[in-house]
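Since we're looking at a predicted model, the values are computed, not measured.
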Amino acid sequence: KTTSKGEMGTVALSYAFRLIAQYDPRRVANGDRGGRAYRAVTGGRIEGAVLSGTVYPDSGGDYGVVGPDGVERLNARFMIRDDKGEWIYVSHVGYRRPDGYHRVQAYFDADAGGPYAWLNDAAMLAHVEEAADGQGATFTYYQAI
């Protein structure tokens with residue numbers, strides 16, 4: 001949709017890649033602000049036409065605060081290593097509802113002179129599906145174009 005000043009034209013989403021992350025069991029500690037949740041990342045794989053590699057084990061995790069409404073505000077972050085050895089940091093901010101609806105915005109940090117430098121300025125959204133056992137999640141990323 002165009003703004004009144006014409007600053008932004010039509011925005012569309014284009015499939016980018018899929019990442020499957022594996023996690024340790026989720027831990028929750030209850031505090032004054034809600035349940036503080038954490039799952040350490042234990043590995044995974046990223047696949048797509050523009051990027052393929054592994055989710056580096058023990059490089060981060062899935063952090064969240066579960067509010068009284070049952071919605072968890074998320075901050076998930078970890079390292080990816082592509083199949084040629086390039087490192088990429090990814091951070092996700094979003095939410096997970098009790099009904100399973102789970103969306104995040106992703107921020108990438110890649111070597112400015114490397115093949116994935118374009119990710120540093122990419123606007124990415126992801127739909128996330130949790131594994132039935134709670135020890136994994138599939139992130140399907142879409143780039144705003």
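- Linking Ile, Leu, Val, Met, Phe, Trp and Tyr residues whenever their side-chain heavy atoms come within less than 4.5 Å leaves Phe108 and Tyr15 in two separate clusters.
- Connection of Trp87 to Tyr89 is established within a shared hydrophobic cluster, with ILVMFWY side chains joined at heavy-atom distances below 4.5 Å, either directly or through further cluster members.
- Between Gln135 and Asp133, the shortest heavy-atom contact is N-OD1, 2.8 Å.
- Counting all heavy atoms, side chain and backbone alike, Arg39 lies closest to Gly134 at NH1-O, 2.7 Å.
- At least one test fails for Arg97 against the ring of Tyr95: distance under 6.0 Å to the centre or angle within 45° of the axis.
- The backbone N or O of Ala76 lies less than 3.5 Å from a partner atom in the side chain of His92, making a donor-acceptor pair.
- With hydrogens and angles ignored, the 3.5 Å screen pairs no side-chain donor or acceptor of Arg81 with any backbone N or O of Met79.
- Linking ILVMFWY residues whenever their side-chain heavy atoms come closer than 4.5 Å, directly or via other members, leaves Ile145 and Trp118 in distinct clusters.
- Glu72 has a carboxylate O that lies under 4.0 Å from a charged side-chain N of Arg26, or vice versa, which qualifies the two as a salt bridge.
- Closest of all the heavy-atom pairs between Gly114 and Glu86 is CA-OE1, 4.5 Å.
- Here the shortest heavy-atom pairing between Gly60 and Tyr38 reads O-OH, 3.9 Å.
- Between Phe139 and Phe78, the ring-plane angle classifies as perpendicular under the 30° and 60° cut-offs.
- Annotation: side chain of Thr54 is not in contact with side chain of Ile80 (no heavy-atom distance under 4.5 Å).
- The shortest heavy-atom contact between Ala16 and Val50 is O-CG2, 4.0 Å.
- Side chain of Gln105 to backbone of Val93: no donor-acceptor contact under 3.5 angstrom is found.
- In this structure, Arg77 forms a cation-pi arrangement with Tyr63, its terminal cationic atom sitting closer than 6.0 Å to the ring centre and no more than 45° off the ring axis.
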- Can Val41 and Asp58 be said to form a side-chain contact (heavy atoms from CB on, under 4.5 Å), step by step? CA-CA 6 Å; Val41 68; Asp58 301 320; over 6 Å; no
- Query: Run the side-chain contact (heavy atoms from CB on, under 4.5 Å) check on Asp109 and Ile88 step by step: do they pass?
  - Reply: CA-CA 6 Å; Asp109 189 1; Ile88 304 166; over 6 Å; no
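- The nearest pair of heavy atoms linking Val11 to Ala144 is CG1-CB, 4.1 Å.
- Using a 4.5 Å cut-off between side-chain heavy atoms of Ile, Leu, Val, Met, Phe, Trp and Tyr, with links allowed through other members, Val66 and Val128 fall into different hydrophobic clusters.
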- Query: Can you check side-chain contact (heavy atoms from CB on, under 4.5 Å) on Gln143 and Phe17, steps first, answer last?
  - Reply: CA-CA 9 Å; Gln143 182 176 3; Phe17 39 81; over 6 Å; no
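- By the 4.5 Å heavy-atom criterion applied to side chains, Asp62 and Leu74 are counted as neighbours.
- Here the two rings, on Tyr142 and His127, have centers that are 6.0 Å apart or farther.
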- Would you sort out whether Glu130 and His102 count as a side-chain hydrogen bond (donor to acceptor under 3.5 Å, both in side chains), showing the intermediate values? CA-CA 8 Å; Glu130 295 286 327; His102 187 167; 3.1 Å; yes
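- A donor-acceptor contact closer than 3.5 angstrom is absent between the side chains of Asp24 and Thr42.
- The environment of Arg103 atom CZ is dense: over 12 non-hydrogen atoms of other residues, nucleotides or ligands sit within 6.0 angstrom.
- Side-chain atoms of Arg18 do not come within 3.5 Å of backbone N or O of Tyr141 as any donor-acceptor pair.
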